[in-house]
Structures are given as structure tokens and as C-alpha cells.
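Read through the structure below, which is laid out as C-alpha cells, and then see the notes.
Reminder, nothing fancy here: chain letters follow the sequence lines and each chain counts from 1.
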Protein chains: 2
Amino acid sequence: METKTRYDIPCNIAQSLNIIGDRWTLLIIHEILVGHTLFNEIKKSLKGISSNLLSERLKYLEQHGLVETELYSEHPPRYCYKLTESGKELEDVFNALIIWGSKHLKKCYKKIIDAETGDEVEIGYYSKKTGERVKRIAVVPIGEEIESK
Amino acid sequence: METKTRYDIPCNIAQSLNIIGDRWTLLIIHEILVGHTLFNEIKKSLKGISSNLLSERLKYLEQHGLVETELYSEHPPRYCYKLTESGKELEDVFNALIIWGSKHLKKCYKKIIDAETGDEVEIGYYSKKTGERVKRIAVVPIGEEIESK
DNA sequence: ATACTTAGTTAAAAAAATCAACTTTGTATA
DNA sequence: TATACAAAGTTGATTTTTTTAACTAAGTAT
């Protein structure tokens, strides 16, 4: 029991995938993000998922702090599922996948545009300090600093 | 044989995950992206992966045009694995995962900074047309246009 | 009292991943 | 010349995970 196979690799990507990389998991989080918060709403939106798997995934995500339950009816006691901040912050991951898909899928369903102008958008990297667009990024190990050029 | 279980959901995310969402797949692509192009290099970097699975995943990714092989030695004929453009363009997905991980993992290994200033970066969206940063994005179904406010 | 709905649970079957040993082709070494 | 070694896998058995399908429990509605 409880013998989850997890990646034992010292890398943000692998460790993040240990939380959100199981089959169906990202799709479940995405359904909640777009407003489907009831068990059966999620189930109906995700054609092919089974009750037991959805139930198990929701529990796992709750344990890991991405999802929380909220009582929405007292008298048949009923809970809905909400995303926590860390769940909501997967939005950039979803958008990156949507944009990748819009370029590379044979059949594509969605694109991402500027809500004001309707222009198509791309992903960029911006300095947290100045808000300026960053020309070149570097992935660095935590603890180390980059040598200044 | 060859009965892959795939998501049958009309959504860029689900369809993208049908290509890159299997266990180990994103990690394999990432290893190639960071320069590990030989079968055994990838295998050694990904502690726990088995030869048969790596072999199968590489074939699948090649079929789907994310990876290609290149002869790097004639006389023991040896191939290395390279990413195609569509494979390389997963970089934003990796970066989104690295950034999410750097905020939410208990133990975090990497962060992303401005290569010039060392400032930490965040993800933003810019217009393909003007290059300006976009304040609010909208995910829209393909084919439809958004009503202008 | 009977049927229906929401939100699951349980158990068996099927599919996928892991583990471990083996193969093939070629190189290097004693 | 034989022996060991390495790269790049393949094969088959075992284990884990997912799917399928039927069932349950608590409350509502007719």
C-alpha cells in the first residue's frame, strides 16, 4: 500500500512532476481552474476518467496543498474543490502547454490572445525587480550566484 | 498491441499531454535539451529509468517529430538524439515548471534569473505583433474571435 | 415507498512501468 | 587470438498503476 513510484532526481522539473505529473492530474487541476469545482462536474468534463482515480487524485492534491475542499451545502453536507494559491499558480504551465499545442498539434482547440487587442501572445520572461523584459535567462542551481559578465 | 491509452478530450492541454505526458517523457526531452544526446548519457542522468522504457519513449518522440536521430560515428554506427524545433519549443513549459517548483517545492534545486543582471524572473505574455507586454490574456477557442471591449 | 442524485468505494481485469538478464556490434587489451 | 569492455539496445517476468464495472451511503423528490 502507498508505494508511489516517484522520481528520485534532484531537479525542479522532476520534483514538480512528482506532484502534478501523474496521469489525469494536470487535467483535473485545469478543470478546477476553469471553474468546475464539483466532483461530478470534473468527472463529466474529463471523458474517460473513473471515479476512483478522480477521488484518489483529489486527495493527493489536497495533501500536497494544491487543492482544498469547501463546504457549499450544509444539509446534504457537500464539498466543492478549490485551488489554493499554489494550484492557481500552475496557470503559466497550462498556458505554456496551450501555446505549444497551438503551434505543434495537428488539431488545435485553443489559442491565447491579448484580452484587449486580440493579438496572439507569446511567453516572455520579465524581471521581478524592474518589470523589464529579460533578453537572456539562465537556469541556475539554488545557492549559487551567476558570475557577472 | 499498440493500444496506447490516450486522452480523448478536445483541449490543447490534453492533446499535448498525449504526446509529452507519459511518465519520464518530459524528463527525457529536458535531458536532451540540456545537452545529453547519447542513449547512455540520458539513461545515466535519469536515475531509475530502464533501457526499454527509454528506448520506447525515444521512438515515440521521434515518430511525433519532437526528437530526431543523427549519426555521430560511422564505424561503429552510432546515433545521438537531437531535439527538433518542436521539441526545443517545450522550453517555456520547462521554465514554467522550474519557476513553479522554485516557489512551491519543499526542496528546490534551481531558479531562473536574468543572465545579465541576476534578477529573478517571472513569466509574462507579450503581443506577437507589437512586442508589448500584455496585461490580461484570454484563452479562446480556435476559430472564434473575442469581442472588442 | 420508490426512484434519483451526489459523491464516492470496492474488486477484478487490463495496461503500463520496473527489474533483471541477455544480445549485438564493434573496440581495446593481454 | 582470446578476453574483457562498452554502447545501444531487446526480451520476458514481476510489480504497479489505470481502467472497467458494479456497488454503497446519505439525502431529496415524487
Exercise. Excluding sequence neighbours, so at least two apart, what forms ring pair (Phe, Tyr, Trp, His ring centres under 6.0 Å) with B:F39?
Worked result: none

Problem set entry | Identified side-chain contact (heavy atoms from CB on, under 4.5 Å) partner of B:I32 from the options B:L61, B:L58, B:L66 | B:L58

Exercise. For B:E122 and A:Y126, does a side-chain donor sit closer than 3.5 Å to a side-chain acceptor?
Worked result: no

Problem set entry | Side-chain H-bond candidate by donor/acceptor type, B:H36 with B:E31, under 3.5 Å | yes

Take the protein atom [atom1] of [X] and the nucleotide atom [atom2] of [N], then report the distance between them rounded to whole Å.
X	N	atom1	atom2	result
B:L54	C:dC19	CG	C1'	15 Å
A:E62	C:dA7	CD	P	14 Å
B:N40	C:dG26	CG	P	17 Å
B:H75	C:dA28	NE2	P	14 Å
A:I42	C:dT6	CD1	P	14 Å

Exercise. Between B:G101 and A:S16, which heavy-atom pair has the shortest distance, and what is it?
Worked result: CA-OG, 3.5 Å

Exercise. So which heavy atom on A:S127 is nearest to which on A:V134, and how close?
Worked result: N-CG2, 3.6 Å

Exercise. Starting at the 5' end of DNA chain C, which residue's closest nucleotide do you reach first, A:K59 or A:K44?
Worked result: A:K44

Problem set entry | Shared hydrophobic cluster for B:L90 and A:V139 (ILVMFWY, side-chain gaps under 4.5 Å) | yes

Seminar exercise, completed: By nearest-nucleotide position on DNA chain D, the 5'-leaning member of B:Y81 and A:R78 is B:Y81

Exercise. Which is the 5'-most and which the 3'-most nucleotide of DNA chain D that has an atom under 4.0 Å from a heavy atom of chain B?
Worked result: D:dA7 to D:dT19

Problem set entry | Side-chain (B:R6) to main-chain (B:N18) donor-acceptor, under 3.5 angstrom | yes

Give me, pair by pair, the N or O atoms of the protein and of nucleotides 10-18 of chain C that are less than 3.5 Å apart, along with how far apart they are.
from	atom 1	to	atom 2	distance (Å)
C:dT10	O4	A:N52	ND2	3.4
C:dA11	N6	A:N52	ND2	3.0
C:dA15	O3'	B:T5	OG1	3.3
C:dA16	OP1	B:T3	O	3.3
C:dA16	OP1	B:T5	N	2.8
C:dA16	OP1	B:T5	OG1	2.9
C:dA16	OP2	B:T3	O	3.4
C:dA17	OP1	B:R57	NH2	2.6
C:dA17	OP2	B:R57	NH1	3.4
C:dA17	OP2	B:R57	NH2	3.2
C:dT18	OP1	B:R23	NE	2.7
C:dT18	OP1	B:R23	NH2	3.0
C:dT18	OP1	B:W24	NE1	3.3
C:dT18	OP2	B:W24	NE1	2.8
C:dT18	O4	B:N52	ND2	3.4

